[in-house]
Amino acid sequence: MKHTVKIKFMMKRVFLLMVLFSILGLVKTYAGWYQCYNYKGTVGNYPITLSIQITEGFFGEKDKEIFAINGVYKYDHYNNPIQLVGVLNLKNNKIQLFEKFNDAQTATLEFNFSENIVTGTWTSLQNQKTLPLNLEYVSKLMDISDADVFENVEILQLNSLKDYYFMGVYSKKEAASVRANMQKLKIMNKHDNSVFQIIDFKDLEYNVGNVITLIYQNIEVNNLSENKITVWCDVGRMGGVFTIQFDKLKNKFISDYDLTIDGPN
């Protein structure tokens, strides 16, 4: 399968990615990019889906005992993904996450890190109301060595459209040249959590969904009113994107998979 590659220099994004790679020490290696853990549970009586990602160090300082945590979660009745940022303290194995909404911190989630049943608290930063947080470990995505292998691990994506949110389905084979990559994209109806469409990427000549350091940001909204998104893929030096857009006549999302390369080819 062949696809047109359009060379385009997106210098602002190139600069931002270079800075981020430098901070996290990821320029020299791809290994260690993705250490993700998925949970289902409740905040009070509200069902949620939550995914966290542990970085290799705390703002690039790998000797620190407090590690940066990034993530995303959603309330399953509303399905509007919310960004999470915080820390993992290795001394007591506790995670503290701050919910970010419209660039403001609106709540905290605190719990002990575990691949098991987790309990903790959710606290509003507006009125200090506290609700019990109950989580159950579902799956993990580990891409920290060539030997890591997994299949069909779903990662909730941060960006969404008015009526749809996205779940990336990731797999990794055991090979030095193969990294975790998005094999499929599940497009989900927000109103009832049903699957609207599944787009399969496994026959493409390049890997999809593994360029942006935070794995849940590999889908970006290109045009909200036109239901148009961009998908990051592993091409060129800095990666590239193609667009997927809703076609009203066909009543589905489509793409011609034309690539725009980010930075030098």
Side-chain angles (χ1 to χ4, degrees), residues 17-39 50-72 84-95 97 111-116 118 135-158 167-185 200-219 231-240 262:
L17 284 172
M18 288 294 289
V19 170
L20 183 58
F21 289 172
S22 177
I23 290 173
L24 296 179
L26 295 173
V27 172
K28 62 184 179 181
T29 177
Y30 285 129
W33 260 22
Y34 299 135
Q35 302 177 60
C36 306
Y37 298 82
N38 297 317
Y39 298 89
L50 181 146
S51 179
I52 58 172
Q53 180 175 338
I54 303 174
T55 63
E56 288 187 337
F58 183 65
F59 300 115
E61 301 177 61
K62 296 185 180 181
D63 59 329
K64 298 291 185 181
E65 292 185 329
I66 297 179
F67 282 64
I69 299 284
N70 293 277
V72 60
L84 298 168
V85 295
V87 293
L88 165 61
N89 191 329
L90 295 182
K91 291 182 178 179
N92 55 21
N93 213 38
K94 289 186 179 295
I95 287 177
L97 296 170
F111 56 92
N112 289 329
F113 177 54
S114 173
E115 293 181 31
N116 208 321
V118 173
L135 299 172
E136 185 171 353
Y137 168 80
V138 175
S139 62
K140 64 182 176 182
L141 185 158
M142 299 293 288
D143 187 7
I144 59 176
S145 76
D146 295 340
D148 288 325
V149 176
F150 55 86
E151 189 172 7
N152 297 331
V153 176
E154 296 188 359
I155 299 291
L156 173 66
Q157 297 293 301
L158 174 63
M167 299 291 290
V169 182
Y170 280 80
S171 297
K172 182 179 184 294
K173 298 179 180 179
E174 186 175 359
S177 61
V178 177
R179 296 169 47 217
N181 63 93
M182 190 187 296
Q183 296 281 292
K184 299 176 183 178
L185 178 65
D200 198 323
F201 300 133
K202 68 177 182 296
D203 290 331
L204 297 182
E205 295 176 346
Y206 41 83
N207 289 330
V208 173
N210 57 0
V211 175
I212 303 299
T213 304
L214 299 178
I215 198 168
Y216 56 82
Q217 291 187 350
N218 277 278
I219 302 293
V231 182
W232 279 93
C233 24
D234 190 8
V235 292
R237 295 184 186 178
M238 303 296 294
D262 191 1

Measuring from atom [atom1] of [X] to atom [atom2] of [Y], what distance do you get when rounded to the nearest 0.5 angstrom?
X      : Y      : atom1 : atom2 : value
Asn70  : Leu214 : CG    : CG    : 4.5 Å
Ile215 : Leu158 : CD1   : CG    : 13.0 Å
Phe201 : Leu185 : CZ    : CG    : 5.0 Å
Asn181 : Tyr34  : CG    : OH    : 10.0 Å
Leu88  : Gln35  : CG    : CD    : 10.0 Å

If every non-hydrogen atom of [X] is compared with every non-hydrogen atom of [Y], which pair is closest and at what distance?
X      : Y      : result
Ser51  : Asn38  : OG-OD1, 2.8 Å
Cys36  : Ile155 : CB-CD1, 4.2 Å
Thr213 : Gln53  : O-NE2, 2.9 Å
Met238 : Trp232 : O-CZ3, 4.0 Å
Leu141 : Phe150 : CG-CZ, 3.4 Å
Asp143 : Ala180 : OD2-N, 3.1 Å

Taking the side chain as C-beta and beyond, is there a heavy-atom pair between [X] and [Y] under 4.5 Å?
X      : Y      : result
Arg179 : Lys173 : no
Asn112 : Ile95  : no
Gln157 : Val72  : no
Asn218 : Tyr170 : yes
Ile69  : Val85  : no

Could you pull out all residues at least two apart from [X] that satisfy salt bridge (Lys or Arg N to Asp or Glu O under 4.0 Å)?
X      : answer
Lys94  : none
Lys202 : Asp200
Glu115 : Lys140

With sequence neighbours excluded, what pairs up with Phe111 under the ring-ring contact (aromatic ring centres under 6.0 Å, His included) test?
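Partners of Phe111 by the ring-ring contact (aromatic ring centres under 6.0 Å, His included) criterion come out as none, since no residue qualifies.
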
Using side chain to side chain contact (heavy atoms under 4.5 Å, CB included) as the criterion, list what pairs up with Val149, not counting sequence neighbours.
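If we apply the side chain to side chain contact (heavy atoms under 4.5 Å, CB included) test to Val149, skipping adjacent residues, the hits are Glu174.
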
Kindly write out the residues that satisfy side chain to side chain contact (heavy atoms under 4.5 Å, CB included) with Asn152, not counting sequence neighbours, or none if the list is empty.
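Side chain to side chain contact (heavy atoms under 4.5 Å, CB included) list for Asn152, sorted by chain: Val169, Ser171.
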
Run Tyr37 and Met142 through side chain to side chain contact (heavy atoms under 4.5 Å, CB included) and show every step you take.
CA-CA 9 Å; Tyr37 298 82; Met142 299 293 288; 3.7 Å; yes

Lys172 side chain vs Asp148 backbone, donor-acceptor pair below 3.5 Å
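Yes, because the side chain of Lys172 sits within donor-acceptor range (under 3.5 Å) of the backbone of Asp148.
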
Given 3.5 Å as the limit, does a donor-acceptor pair link the side chain of Asn93 with the main chain of Leu90, or not?
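Checked: no pair found.
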
Please verify the inter-ring angle class for Tyr137 with Tyr39; under 30° counts as parallel, over 60° as perpendicular, anything in between as tilted.
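Perpendicular.
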
